[in-house]
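Model, not experiment: these values are computed from the prediction. Just so we're on the same page: letters track the sequence lines, and every chain starts at 1.
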Number of protein chains: 2
Amino acid sequence: MKLHDIPTPALVVDARAMERNIQRMAAFFSERRCKLRPHFKAHKTPAIAHRQLAAGWCTGITCATVSEAEVIAAEGVSGDILIANEVLGAGKAGRVARLAARVDIKVAADSATAVAELAEAARAVAVQIGVLVDVNVGLPRCGIGPGQPALELARQVASAEGLRLRGLMGYEGHAVAVADRSAREAAARYAMEQLLSTAQMVREAGLPCDIVSAGGTGTYDITGQMEGITEIQAGSYVLMDTAYAKLDIPFELAFSILGTVLSRPSPTICVTDSGHKACTEDHGNPSVKEIEGASVLLLSDEHATIILPPESKIAPGDRIELWPSHIDPTINLHDALFVLDGDEVADVWPIAARGYPEQRALLP
Amino acid sequence: MKLHDIPTPALVVDARAMERNIQRMAAFFSERRCKLRPHFKAHKTPAIAHRQLAAGWCTGITCATVSEAEVIAAEGVSGDILIANEVLGAGKAGRVARLAARVDIKVAADSATAVAELAEAARAVAVQIGVLVDVNVGLPRCGIGPGQPALELARQVASAEGLRLRGLMGYEGHAVAVADRSAREAAARYAMEQLLSTAQMVREAGLPCDIVSAGGTGTYDITGQMEGITEIQAGSYVLMDTAYAKLDIPFELAFSILGTVLSRPSPTICVTDSGHKACTEDHGNPSVKEIEGASVLLLSDEHATIILPPESKIAPGDRIELWPSHIDPTINLHDALFVLDGDEVADVWPIAARGYPEQRALLP
């Protein structure tokens with residue numbers, strides 16, 4: 001299969017750029033006590049996760065949902081899985097317990113309710129589920145307060161039959177995309193000081209805390225250098241996006257949305273078939289690859305309306321690639337990654353954990 | 001299966017509200033010469049399309065992609081299909097030609113290139129493909145200029161062996177969401193005058209023009225009352241969204257995103273598992289259903305951070321439903337619609353044309 005045979009819109013991956021990103025990140029962690037736990041949620045693609053882990057210096061893999069953990073286990077990606085997210089509701093703790101019989105699984109928790117549900121599910125099938133207390137370090141999202149509240153929850157985990165306290169996590173998501181490095185460093189360091197002081201309290205209380213998990217692509221080289229942080233949950237670095245490409249980090253844009261020009265309604269406009277069903281705009285419009293002076297005016301469901309220099313020779317049927325602004329939700333729109341080696345399609349990788357695999361299992 | 005058994009996040013449909021929407025739209029067209037051609041792209045769900053057509057007063061069905069047309073044909077939804085979009089690139093015209101052997105298929109075209117590709121594909125398998133010339137009526141997207149340019153393209157279609165000119169289409173997408181009715185009417189009428197005067201030119205040139213297709217959920221009762229418009233391509237009306245609910249149209253919000261509360265990090269915040277991988281924000285944040293004073297602060301990949309009144313008793317494990325702001329891309333994130341009759345799950349419908357079915361066919 002050749003590049004021009006791919007039906008559009010489609011995700012295409014530059015395999016060599018991706019491999020350079022993987023090697024650059026591995027090289028960083030090869031020199032440090034802190035290790036990488038690559039985040040599967042960014043791409044949901046077992047073939048990519050295998051390559052990230054094969055590069056070494058990883059503790060295991062991170063994911064965001066029980067479905068992702070199930071795919072990781074089924075595909076033999078890693079036997080050491082962290083669900084870096086709260087697990088609650090409709091049979092989910094039971095599914096984690098069934099996974100715990102096969103792999104070393106750890107789950108984030110920030111409430112007594114979540115701890116109780118996990119413990120009950122673990123006891124029901126006589127397994128132990130690892131738990132990291134999720135500490136809020138500044139992002140307005142999940143996590144229990146640092147210090148005493150987190151210590152109290154750690155005590156509950158440690159005393160719950162069926163659970164094993166493994167440590168803490170705290171995601172400095174409010175810091176990862178700050179453009180200015182010194183401001184990013186300040187925000188990340190302040191957040192991590194909350195996490196590290198809480199870890200010290202947990203240890204001083206005689207409780208186990210061998211894992212302190214944090215970080216992302218924007219802070220891996222800040223948080224990953226702080227004494228006491230044991231692993232970094234970066235995901236986007238592997239294929240990148242235009243939002244992260246604005247930061248001073250050494251990773252390349254390695255995937256794009258391939259589209260076909262459907263229309264050239266005026267000298268300064270063309271329209272492709274890559275709308276926001278193919279490329280999300282939650283981090284802003286995508287950028288146009290390799291056409292100087294071109295930019296996306298707007299995305300609609302099935303179309304990108306692109307402003308062109310009037311002298312452009314772009315015509316219906318031509319291909320245009322867009323660089324997405326946000327990797328995770330964009331990849332989540334697709335079922336396949338077309339892996340390019342020049343103009344050859346070297347592989348087609350299933351995005352196996354796309355969407356909600358548990359919903360597909362319930363279809364008649 | 002009960003409501004509380006549904007793994008979250010998930011799309012849930014109020015079957016009775018949906019049926020009321022379908023009947024209200026059918027009642028409008030029962031009294032007019034203009035008919036409805038419901039747009040499949042809004043929901044991509046054969047079970048819904050069957051119900052829309054069963055209510056009567058439809059010419060057939062509208063879709064946006066070749067994949068959708070293939071699903072419609074395979075599921076026996078309708079034998080009269082309009083792809084209201086340009087078809088170009090990577091084998092697509094050939095796929096339309098294969099469909100043309102089984103169903104009455106019509107495709108929008110706005111360029112000589114598209115016309116030539118369709119004609120060549122039709123001749124290769126000895127079928128006729130119906131074509132509507134796509135006229136730009138103001139939306140900055142596809143469509144050839146009204147008047148002489150459109151007439152010239154209509155002549156090319158009419159003289160191309162393998163193609164059959166059926167008429168025109170023009171989508172007044174810039175008008176459909178205008179909040180003020182008189183401004184919306186003015187914009188829609190001005191757009192449709194361009195389309196209708198072009199139709200007259202085509203007929204005066206002795207060319208066939210039995211279909212003049214236009215409209216959407218926001219303009220169905222404006223455009224659908226204009227003499228000479230033969231069909232309306234409305235889709236969103238069937239399940240609605242909060243953007244369309246702001247207009248003075250008689251349709252109910254009939255679907256929502258069911259989420260589970262993962263965290264209650266502070267008295268005025270809770271976090272659910274329905275982030276923008278479950279609910280797009282391209283038309284703004286979703287709204288919180290049935291919790292007075294609650295609103296979405298932000299969506300991230302896997303989470304909705306929701307502001308609550310401080311007295312709220314919402315706790316981890318509770319369920320919260322969100323009303324999406326944009327139906328089409330939100331449904332496109334999911335594989336299943338859970339159909340509710342009160343607290344019972346009456347059915348689980350496959351969103352069969354979600355994403356890019358042609359990509360799934362290429363997976364190893």
Side-chain angles (χ1 to χ4, degrees), chain A residues 4-10 41 64-65 85-86 88-92 110-111 113-114 117 136 140-144 173 260-265 269 271 276-277 280-282 297-303 305 315-317 328-329 332-336 348 350 355-356 358-360 362-364, chain B residues 4-10 41 64-65 85-86 88-92 110-111 113-114 117 136 140-144 173 260-265 269 271 276-277 280-282 297-303 305 315-317 328-329 332-336 348 350 355-356 358-360 362-364:
Chain A
H4 63 253
D5 299 320
I6 299 173
T8 61
K41 85 178 183 76
T65 67
N85 195 2
E86 281 54 36
L88 279 141
K92 295 213 175 171
D110 76 355
S111 70
T113 307
E117 282 194 18
N136 188 309
R141 215 160 72 186
C142 301
I144 194 165
T260 299
V261 176
L262 299 180
S263 182
R264 185 77 200 271
I269 288 183
V271 181
H276 56 225
K277 284 182 181 171
T280 72
E281 55 195 326
D282 55 283
L297 174 67
L298 63 94
L299 297 183
S300 42
D301 287 347
E302 326 283 345
H303 302 95
T305 298
D328 309 51
N332 187 52
L333 295 168
H334 295 260
D335 293 285
V348 186
Y356 304 102
E358 63 222 317
Q359 293 183 7
R360 297 196 278 278
L362 293 170
L363 288 173
Chain B
H4 63 252
D5 298 321
I6 300 173
T8 61
K41 85 179 182 76
T65 66
N85 195 2
E86 280 56 35
L88 279 141
K92 295 213 175 171
D110 76 354
S111 70
T113 308
E117 283 195 17
N136 188 309
R141 216 160 71 186
C142 302
I144 194 165
T260 300
V261 176
L262 298 180
S263 183
R264 185 79 199 269
I269 288 182
V271 182
H276 56 225
K277 283 183 182 172
T280 72
E281 56 195 324
D282 54 285
L297 174 67
L298 63 94
L299 297 183
S300 41
D301 286 347
E302 327 283 345
H303 302 95
T305 297
D328 310 52
N332 187 52
L333 295 168
H334 296 260
D335 293 285
V348 185
Y356 304 101
E358 64 224 314
Q359 293 184 7
R360 297 197 278 278
L362 292 170
L363 287 173

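Among A/Glu281, A/Glu358, A/His334, the residue making the largest number of heavy-atom pairs under 4.5 Å with chain B is A/His334. Between chain A and the options B/Ser300, B/Gly89, B/Gly173, heavy-atom pairs under 4.5 Å are most frequent for B/Ser300. Counting heavy-atom pairs under 4.5 Å between each of B/Pro350, B/Gly91, B/Ala315, B/Ala114 and chain A puts B/Pro350 at the top. Most heavy-atom pairs under 4.5 Å with chain B: of the set A/Ile144, A/Val261, A/Asp301, A/Asp5, this distinction falls to A/Asp301. The residue among A/Cys142, A/Gly355, A/Pro265 with the most heavy atom pairs within less than 4.5 Å of chain B is A/Cys142. If you tally non-hydrogen atom pairs under 4.5 Å between each of A/His276, A/Glu86, A/Lys277, A/His4 and chain B, the highest count goes to A/Lys277. Each of B/Ile269, B/Thr260, B/Leu298 has some count of heavy-atom pairs under 4.5 Å with chain A, and the biggest count is that of B/Thr260. Most heavy-atom pairs under 4.5 Å with chain B, from the set A/Asn136, A/Asp282, A/Leu362: that is A/Asp282.
In this view, B/Thr65 and A/Glu302, B/Ser67, B/Glu68 satisfy the side-chain contact (heavy atoms from CB on, under 4.5 Å) rule, not counting sequence neighbours.
Here the closest heavy-atom approach between residue A/Asp335 and residue B/Tyr356 is recorded as OD2-N, 4.3 Å.
Proximity to chain B involves both the backbone and the side chain of A/Thr8, based on heavy atoms less than 4.5 angstrom apart. Both the backbone and the side chain of B/Ala10 come within contact range of chain A, with heavy atoms under 4.5 Å apart.
Side chain of A/Thr280 to main chain of A/Pro329: no donor-acceptor pair is present (N/O by atom type, distance under 3.5 Å, no hydrogens or angles). At distances below 3.5 Å, not a single donor-acceptor pair connects side-chain atoms of A/Arg264 with backbone N or O atoms of A/Val271. Under the 3.5 Å distance criterion, the side-chain polar atoms of A/Thr305 are matched with a main-chain donor or acceptor of B/Pro140.
Only one option out of B/Asn85, B/Asn332, B/Asp328 pairs with B/Lys41 in a side chain to side chain donor-acceptor pair (under 3.5 Å); it is B/Asp328.
The line from CG of A/Leu262 to NZ of B/Lys92 is 8.0 Å long, rounded to the nearest 0.5 Å.
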